[in-house]
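Chain naming here is simple, since letters A, B, ... match the order of the sequence lines and numbering starts at 1 in each.
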4 protein chains.
Amino acid sequence: MTTPKPAGTGRTRRQRAPDGAERTEKGAARRAAILDAALDEFAARGFASARLDDVARRAGVAKGTIYLYFKDKQALFEELVRTNLVPHIAAIEAMPAEGPLRARVEAFAEHFVREVLMTRRADVIRLVLAEGPRFPALAEFHYREVVQRALTALQRLIQIGVERGEIRHEALARFPQLVMAPIMMGLIWTGLFNRFAPLDVAAMMRAHLDMLFAPGREP
Amino acid sequence: MTTPKPAGTGRTRRQRAPDGAERTEKGAARRAAILDAALDEFAARGFASARLDDVARRAGVAKGTIYLYFKDKQALFEELVRTNLVPHIAAIEAMPAEGPLRARVEAFAEHFVREVLMTRRADVIRLVLAEGPRFPALAEFHYREVVQRALTALQRLIQIGVERGEIRHEALARFPQLVMAPIMMGLIWTGLFNRFAPLDVAAMMRAHLDMLFAPGREP
Amino acid sequence: MTTPKPAGTGRTRRQRAPDGAERTEKGAARRAAILDAALDEFAARGFASARLDDVARRAGVAKGTIYLYFKDKQALFEELVRTNLVPHIAAIEAMPAEGPLRARVEAFAEHFVREVLMTRRADVIRLVLAEGPRFPALAEFHYREVVQRALTALQRLIQIGVERGEIRHEALARFPQLVMAPIMMGLIWTGLFNRFAPLDVAAMMRAHLDMLFAPGREP
Amino acid sequence: MTTPKPAGTGRTRRQRAPDGAERTEKGAARRAAILDAALDEFAARGFASARLDDVARRAGVAKGTIYLYFKDKQALFEELVRTNLVPHIAAIEAMPAEGPLRARVEAFAEHFVREVLMTRRADVIRLVLAEGPRFPALAEFHYREVVQRALTALQRLIQIGVERGEIRHEALARFPQLVMAPIMMGLIWTGLFNRFAPLDVAAMMRAHLDMLFAPGREP
DNA sequence: TATGAATGAGTCTTCATTCAT
DNA sequence: CATGAATGAAGACTCATTCAT
């Protein structure tokens with residue numbers, strides 16, 4: 001797949017005016033280390049039960065240092081969610097607009113599986129699912145900057161597919177979520193049940209796309 | 001739909017030896033009230049942040065009373081999850097085995113949507129998704145008693161459909177999760193994003209089934 | 001002096017709806033013990049440096065217990081100030097309205113010296129002086145319920161004295177603070193400098209009154 | 001009034017060996033800026049709650065810089081108190097020794113009101129009152145270098161007044177505090193209650209002096 | 001059984017102080 | 001001399017759990 005990866009893996013991009021420490025190279029690295037450690041801890045224990053003490057230890061800094069980079073626990077958590085996925089959405093939106101539809105949708109899905117599902121970014125999404133209800137602002141951000149943008153891109157693709165006759169199920173254009181559903185299912189499954197029944201999400205997704213692109217009955 | 005509801009509404013069935021209080025009628029009612037209140041609180045704030053104080057207040061009992069019925073917070077939480085969904089799985093397994101496949105799968109889905117998705121039981125599933133990683137025993141229980149049983153029932157149905165030629169996509173038999181995926185998507189969506197973009201899960205599910213049961217090209 | 005002491009020494013009167021623990025006898029005693037301990041700690045270290053841990057230890061309760069009776073450190077502090085002096089103001093206002101002026105003003109001053117200056121209540125005033133600027137609501141309360149009421153009572157007395165010709169300095173009616181000034185000076189002095197130069201506040205006050213009531217030049 | 005101001009504005013005079021930084025012109029200015037900022041912060045929040053961070057920001061230096069000029073927070077605080085009032089005591093002691101008593105005491109009081117009460121130096125005294133109990137060395141210094149010297153000067157004046165017959169109340173010589181009491185009252189009042197009931201301290205002081213110098217009954 | 005006051009371990013957060021640059 | 005990032009000790013506050021009544 002020719003995913004135009006954004007420069008850098010993204011975890012530590014900071015466009016906003018640096019809020020305290022971190023103008024320096026080392027500052028940025030520290031901020032990144034903290035976010036990184038925080039992701040691990042939040043993913044493992046949930047927002048409420050994660051201890052900043054552990055985040056600090058894991059990041060190799062003192063407890064107080066965290067507060068040089070983030071206002072408080074919640075700000076750290078939100079920053080985590082805000083910075084990890086957006087770059088990949090941009091990548092997805094920038095995917096090449098030519099070629100057969102099936103290939104493009106496949107590329108879309110594959111990008112998602114490879115670059116999100118199989119990385120620690122999956123944990124970010126799991127965190128949004130788990131903690132979203134307690135962080136409405138975060139849920140909204142995630143919706144607007146991730147979900148909506150991804151679904152809109154997908155919808156555009158589907159529309160073309162429907163027009164070209166490559167996709168028979170026109171309802172898909174109304175429910176682009178249906179394309180993503182198995183991926184979300186995979187996300188959840190791998191997080192919860194993989195040790196009981198491993199699930200080959202990529203294979204499942206391929207089967208799913210086979211259905212979506214199934215040729216209809218000849219007239 | 002002809003959902004064979006199990007006797008009772010299910011929330012507080014307890015087959016096991018009563019754990020302390022509740023031999024009496026009132027005891028059972030109290031236990032039920034506590035579980036009920038706990039579901040509300042856990043759903044609203046998550047396991048770690050829910051306060052037993054609030055559970056008690058909501059249930060109309062004293063804080064200490066909770067400990068007469070449940071060993072501790074975790075036991076209350078696990079009991080909640082263990083008792084709420086299983087009866088409905090039994091109902092699903094018991095669904096009539098005749099009629100056209102499409103109708104049967106539809107009934108399956110509709111039961112799920114109506115009896116789970118649109119009730120407070122959806123919160124139980126959301127809780128499992130959110131808290132499962134911290135409660136492996138619970139995740140396992142949920143897998144074995146809910147997920148696996150539901151998927152097995154579904155798989156049996158699909159197999160028949162494939163054999164009868166009503167379902168063309170044989171891969172569905174390997175990935176019965178594909179049938180459930182939109183429902184899970186709906187569960188998540190309604191919990192997180194409904195205020196931004198309401199999703200008609202039932203309609204989406206119908207569209208999804210249309211795809212699953214799409215007649216193939218004539219040979 | 002015939003100070004009509006209000007029933008009880010006042011420290012633990014609570015008229016307001018008891019806010020949590022304390023409906024019981026023991027509850028009230030505990031609340032009192034905490035307030036008592038808090039006065040000691042706040043007086044010794046100031047609001048910011050006093051540790052609730054020490055307050056709890058001194059009161060013989062656990063740290064958490066304080067929070068059953070008071071919302072937080074500040075509420076404890078404010079309650080302390082609000083409850084300790086007001087009863088004595090009432091006593092002062094209720095002082096008998098007959099007799100020679102000099103005797104009445106003397107009684108007023110003596111009451112203040114004996115019942116406030118020489119008791120731990122003096123610390124309450126010192127706390128108001130020291131912390132008032134950080135607790136405007138408290139300063140206002142103290143002004144309205146203590147200072148203003150005391151000065152108004154005093155002013156009434158002075159007015160009578162002026163009318164009867166027992167007090168020649170009419171300006172006193174405009175500046176009743178002048179009567180209290182030496183007492184405040186004594187309050188401060190005993191708190192800060194007594195170990196270097198003990199000050200007999202009562203004697204000083206008598207000298208002061210001698211000035212106030214000094215007979216004028218014969219015409 | 002002809003206050004013989006000591007050379008310089010006084011705030012940052014240091015006779016002692018410079019503690020580290022400041023041999024240079026700029027060093028002295030910085031030290032002064034820090035002391036100045038510290039007075040503002042300590043006055044506003046009290047010793048314990050004042051943040052050196054804020055002091056540094058207000059002084060326009062980095063936090064670490066404070067430690068080049070002062071050993072620690074407490075040393076900064078003590079220095080503040082030690083340097084701000086003493087020059088004015090010297091001025092008071094040096095006040096001209098001729099003229100009518102009343103005028104001289106009036107000058108004394110006026111100097112105090114104008115040069116202390118109505119300046120930021122009043123905050124220094126308020127700080128001593130509020131924090132003295134926690135800084136015994138400071139309280140002692142303040143007693144010896146400010147209070148005692150001022151009272152001694154006052155006492156000398158009073159003694160002369162008594163001898164000359166200008167002051168009838170001989171007790172004043174034993175309690176020179178009585179002269180200062182209204183000023184202290186004014187200091188406290190303006191700090192705490194001025195917004196509820198403004199107090200004209202100068203007028204009050206004049207009334208007070210009228211009493212002190214009231215001519216007695218003719219023999 | 002039921003209560004709810006009491007406990008105290010556990011965490012976030014602040015801020016004086018240090019120190020590498 | 002000056003900086004300001006980093007540290008970590010200290011303290012307010014919460015809340016699951018216990019237990020006397």
Would you mind reading off the distance between C:Leu76 atom CG and F:dG11 atom C1', rounded to a whole angstrom? 15 Å
Run the side-chain donor-acceptor check on residues 41-52 of chain B: report pairs under 3.5 Å with partners two or more places apart or on a different chain.
residue: B:Glu41; atom: OE2; partner: B:Arg58; partner atom: NE; Å: 2.9
residue: B:Glu41; atom: OE2; partner: B:Arg58; partner atom: NH2; Å: 3.1
residue: B:Arg51; atom: NE; partner: B:Asp54; partner atom: OD2; Å: 3.2
residue: B:Arg51; atom: NH2; partner: B:Asp54; partner atom: OD2; Å: 3.1

I'd like to check the side-chain hydrogen bond (donor to acceptor under 3.5 Å, both in side chains) partners of D:Arg30; sequence neighbours left out, ordered by chain and number. none
Please name all residues satisfying side chain to side chain contact (heavy atoms under 4.5 Å, CB included) with D:Val128, sequence neighbours left out, ordered by chain then number. C:Leu192, D:Val81, D:His142
Is the backbone of D:Ala32 close enough, under 3.5 Å, to the side chain of D:Asp36 for a donor and an acceptor to pair up by distance? no
Taking only Watson-Crick and G-U wobble pairs with both distances under 3.5 Å, what dot-bracket line describes DNA chain E, where [ ] shows pairs that cross earlier ones and | shows pairs with another strand? .||||||||||||||||||||
B:Arg30 side-chain proximity, nearest of F:dA6, F:dT3, E:dA2: E:dA2
Are B:Lys73 and B:Val55 packed together at the side-chain level, in the sense that at least one heavy-atom pair is separated by less than 4.5 angstrom? no
Closest to the side chain of B:Leu68, out of E:dA5, E:dT7, E:dT1, is E:dT1
Length of the CZ-C1' vector between B:Arg31 and E:dT1, whole Å: 16 Å
C:Arg31 vs C:Leu68, test: side chain to side chain contact (heavy atoms under 4.5 Å, CB included). Steps then yes/no. CA-CA 9 Å; C:Arg31 186 185 160 88; C:Leu68 293 177; over 6 Å; no
Separation of atom CZ in A:Phe42 from atom C1' in E:dT11, rounded to whole Å: 13 Å
Using a 4.5 Å cut-off on heavy atoms from C-beta on, say whether the side chain of D:Tyr69 contacts that of D:Leu35. no
Going by salt bridge (charged side-chain N to carboxylate O under 4.0 Å, His left out), name the residues that satisfy it together with B:Lys63, two or more places apart in sequence or in a different chain. B:Asp53
Atom CD1 of B:Ile66 and atom P of E:dG4: how far apart are they, to the nearest Å? 12 Å
Treating primed atoms plus P, OP1 and OP2 as sugar-phosphate and everything else as base, which nucleotides of nucleotides 16-21 of chain E get B, S or - for protein heavy atoms under 4.0 Å? SBB---
Derivation of the side chain to side chain contact (heavy atoms under 4.5 Å, CB included) call for B:Ile66 and B:Leu76: CA-CA 8 Å; B:Ile66 293 175; B:Leu76 169 59; 4.3 Å; yes
What is the distance, to the nearest angstrom, from the CG atom on C:Asp54 to the P atom on F:dA12? 9 Å
E:dA5 P sits how many Å from C:Phe70 CZ, rounded? 15 Å
